[in-house]
Amino acid sequence: MKGLYYQQNATALEDMFFLQEMDNVSPPSDYHVKLQVKACALSPINTKLVSEVMLEKESVPVGREVAGVIMEVGSKVSFFQQDDDVVGILPLDSQESGLSEVLWIHEHNLVLKPEKISWVEAAGAVRDGLSAYTALHFLAHLGPGKSVLIMDGASPFGALAVQLSQHTGAMVIATAYNHEDKQYLEKLKPSLARVLDLSKSKVDLAEACLEETGGLGVDIVIDAGVILYKSENSITKSQPLPHKHDIITLLSVGSHWVTREENLQLDPPDSHSLFLKGATVSFLNNEIWNLSNAQQGKYLHILSV
């Protein structure tokens, strides 16, 4: 059985991806299940993270979010039975490519697929759903009545974060990067408290959020990246990002800032402002659950929600 792989050190574009035969005749352990893949999502490969945690690997499997039917179960598998419909994410160190017809996967990386969800929807939403739930509930402690600012609310991650926040009873403000995204967000039901189009130069993010919250500030901010220095501007970015000072300004007392900016740098005045507000800063790493199995039960709970 063949799978698709990415060559880390390839220089030519045509050499980056290749098909490789996979040896999946026997299970790696008694806790693995044999999965007939019905759908696999293609998510970007974090080459920087892969090179940092898996230095010795020359190639990386492509396609880690999979949905399918269990064909066989190991002798010690307790969560699933043959013919169960499941969805899950292959671990970062997996040798198997999701872009194959059949693969072996540990039972702790799968959950049952809801009946009303299609194969494609399950595989396509599981990673962004996991990230959104992690950001809102695990890192930001979302609750009813909270005010939430979600940057790039029309992205796959942002749309799921908006829905999760509304389901909890939060007041949601979202940003858009173009007119089409703004129209999409404004049509959502229930309606958002406010949609801010950052492609408009006249929009002041901090001022708009403070106005919407009566000057109290936003309780939870989920960003999509920020501008770190005054020398940077939105023109050099693929999207019109806010400055980190704008985020700090609009935070409320006891608030949570969840950032996807892995190189975030806070100067002493920034830290002092966060200290005065009693605010916390958390980093959202999509691979947090796959880098350690210390909280495997919580990981499976999030996947199954």
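These figures come from a predicted structure and were not determined experimentally. Index from 1, following the sequence.
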**Q** Under 4.5 Å between side-chain heavy atoms, hopping through other hydrophobics if needed: is there a path connecting Ile117 to Trp119?
**A** no
**Q** Of all the heavy-atom pairs spanning Gly63 and Cys40, show the shortest one and how long it is.
**A** CA-SG, 3.5 Å
**Q** Same cluster for Val37 and Val69 if Ile/Leu/Val/Met/Phe/Trp/Tyr side chains link at under 4.5 Å?
**A** no
**Q** Of all heavy-atom pairs between Val221 and Leu250, which one has the smallest distance, and what is that distance?
**A** CG2-CD1, 3.5 Å
**Q** Ser29: which residues meet the side chain to side chain contact (heavy atoms under 4.5 Å, CB included) condition with it, sequence neighbours left out?
**A** Tyr31, His32, His106
**Q** Does Asp267 have any salt bridge (charged side-chain N to carboxylate O under 4.0 Å, His left out) partners at least two apart in sequence or in another chain, and if so, which?
**A** Lys244
**Q** If you apply the rule side chain to side chain contact (heavy atoms under 4.5 Å, CB included), what do you find for Val162 with Leu188, and how did you get there?
**A** CA-CA 10 Å; Val162 166; Leu188 292 178; 4.0 Å; yes
**Q** Output the rest of the hydrophobic cluster of Leu276: all Ile, Leu, Val, Met, Phe, Trp and Tyr residues reachable through side-chain heavy-atom contacts under 4.5 Å, sorted by chain and number.
**A** Phe275
**Q** Please determine whether side chain to side chain contact (heavy atoms under 4.5 Å, CB included) holds for the pair Leu192 and Gln166, giving the CA-CA distance in whole Å, both sets of side-chain angles, and the decisive distance to 0.1 Å.
**A** CA-CA 8 Å; Leu192 277 67; Gln166 291 182 317; 3.6 Å; yes
**Q** Take Tyr299 and Ile288, measure what side chain to side chain contact (heavy atoms under 4.5 Å, CB included) needs, and give me the verdict at the end.
**A** CA-CA 10 Å; Tyr299 170 61; Ile288 178 176; over 6 Å; no
**Q** Would you call Leu110 and Val33 a side-chain contact if the rule is heavy atoms closer than 4.5 Å?
**A** yes
**Q** Could you check if a side-chain atom of Trp257 sits within less than 4.5 angstrom of a side-chain atom of Thr280, using non-hydrogen atoms only?
**A** no
**Q** Let me have the donor-acceptor pairs involving side chains of residues 203-218, under 3.5 Å, with sequence neighbours excluded, atom names and distances please.
**A**
| from | atom 1 | to | atom 2 | distance (Å) |
| --- | --- | --- | --- | --- |
| Asp204 | OD1 | Ala206 | N | 3.2 |
| Asp204 | OD1 | Glu207 | N | 3.0 |
| Thr213 | OG1 | Cys209 | O | 2.9 |
| Thr213 | OG1 | Leu210 | O | 3.4 |
| Thr213 | OG1 | Gly217 | N | 3.0 |

**Q** So, do Leu35 and Val102 sit near enough that their side-chain heavy atoms are less than 4.5 Å apart?
**A** no
**Q** Do Tyr133 and Leu160 share a hydrophobic cluster (ILVMFWY, side-chain heavy atoms under 4.5 Å, transitive)?
**A** no
**Q** Which heavy-atom pair separates Glu261 from Leu228 by the least distance, and what is that distance?
**A** CG-CD2, 4.2 Å
**Q** Determine whether Phe157 and Leu284 make a side-chain contact, defined as any pair of heavy atoms from C-beta on separated by less than 4.5 Å.
**A** yes
**Q** Among all residues two or more places apart in sequence or in another chain, which pass the ring-ring contact (aromatic ring centres under 6.0 Å, His included) test with Phe283?
**A** none
**Q** Determine all donor-acceptor pairs shorter than 3.5 Å in which one atom belongs to a side chain in residues 76-92; sequence neighbours excluded.
**A**
| from | atom 1 | to | atom 2 | distance (Å) |
| --- | --- | --- | --- | --- |
| Gln82 | NE2 | Met71 | O | 3.3 |
| Asp84 | OD2 | Gln81 | N | 2.8 |

**Q** Show me the donor-acceptor pairs within less than 3.5 Å that the side chains of residues 136-154 make with the rest of the protein, sequence neighbours left out.
**A**
| from | atom 1 | to | atom 2 | distance (Å) |
| --- | --- | --- | --- | --- |
| Ser147 | OG | Asp219 | N | 2.9 |
| Ser147 | OG | Asp219 | OD2 | 3.2 |

**Q** Whether the Asn178 and Ser199 side chains hold a donor-acceptor pair (N or O, under 3.5 Å, no angle test) is what I'd like checked.
**A** no
**Q** Are the side chains of Asn46 and Glu287 in touch, meaning some heavy atoms are under 4.5 Å apart?
**A** no
**Q** To the nearest 0.5 angstrom, please state how far the CD1 atom of Ile220 sits from the CG atom of Leu251.
**A** 11.0 Å
**Q** Can you tell me how far CG of Leu103 sits from CD1 of Ile105, rounded to the nearest 0.5 angstrom?
**A** 6.5 Å
**Q** Just jot down the side chain to side chain donor-acceptor pair (under 3.5 Å) partners of Ser304, sequence neighbours excluded, or say none.
**A** none
**Q** Please identify each residue that fulfils salt bridge (charged side-chain N to carboxylate O under 4.0 Å, His left out) with Lys48, with sequence neighbours left out.
**A** Glu262
**Q** Measure the CD-OG1 distance between Gln163 and Thr168 for me, rounded to the nearest 0.5 Å.
**A** 11.5 Å
**Q** Could you check if a side-chain atom of Lys277 sits within less than 4.5 angstrom of a side-chain atom of Leu274, using non-hydrogen atoms only?
**A** no
**Q** Can you get from Val60 to Leu42 by hopping between Ile, Leu, Val, Met, Phe, Trp and Tyr side chains that sit under 4.5 Å apart?
**A** yes
**Q** Could you give all pairs that pass the salt bridge (Lys or Arg N to Asp or Glu O under 4.0 Å) test and reach residues 158-186, with sequence neighbours left out?
**A** Lys182-Glu186
**Q** Run the side chain to side chain contact (heavy atoms under 4.5 Å, CB included) check on Phe17 and Leu4 step by step: do they pass?
**A** CA-CA 7 Å; Phe17 297 94; Leu4 185 65; 4.2 Å; yes
**Q** Just by distance, do the side chain of Ser131 and the backbone of Asp128 share a donor-acceptor pair under 3.5 Å?
**A** no
**Q** With side chain to side chain donor-acceptor pair (under 3.5 Å) as the test, would you mind laying out the steps for Asp270 and His245 before giving the verdict?
**A** CA-CA 7 Å; Asp270 301 330; His245 294 151; 3.2 Å; yes
**Q** Assigning hydrophobic clusters by single linkage (Ile, Leu, Val, Met, Phe, Trp, Tyr; side-chain heavy-atom cutoff under 4.5 Å), is Val120 placed with Leu112?
**A** no
**Q** So Ser97 and Tyr5, do their side chains get closer than 4.5 Å, heavy atoms only?
**A** yes
**Q** Would you say the side chain of Lys187 lies within less than 4.5 Å of the side chain of Leu185, judging by non-hydrogen atoms?
**A** no
**Q** Sequence neighbours excluded, which residues qualify as salt bridge (charged side-chain N to carboxylate O under 4.0 Å, His left out) partners of Glu65?
**A** Arg127
**Q** How far does CG of Leu196 sit from OG1 of Thr175, to the nearest 0.5 angstrom?
**A** 7.0 Å
**Q** Minimum heavy-atom separation for Ala41 and Gly124, please, with both atom names.
**A** CB-CA, 4.1 Å
**Q** How many angstroms lie between atom CG of Leu130 and atom CG of Asn286, to the nearest 0.5 angstrom?
**A** 7.5 Å
**Q** Rounded to the nearest 0.5 Å, how far apart are CD of Glu96 and CH2 of Trp104?
**A** 9.5 Å
**Q** State which residues pass side chain to side chain donor-acceptor pair (under 3.5 Å) with Ser155; sequence neighbours excluded, sorted by chain then number.
**A** none
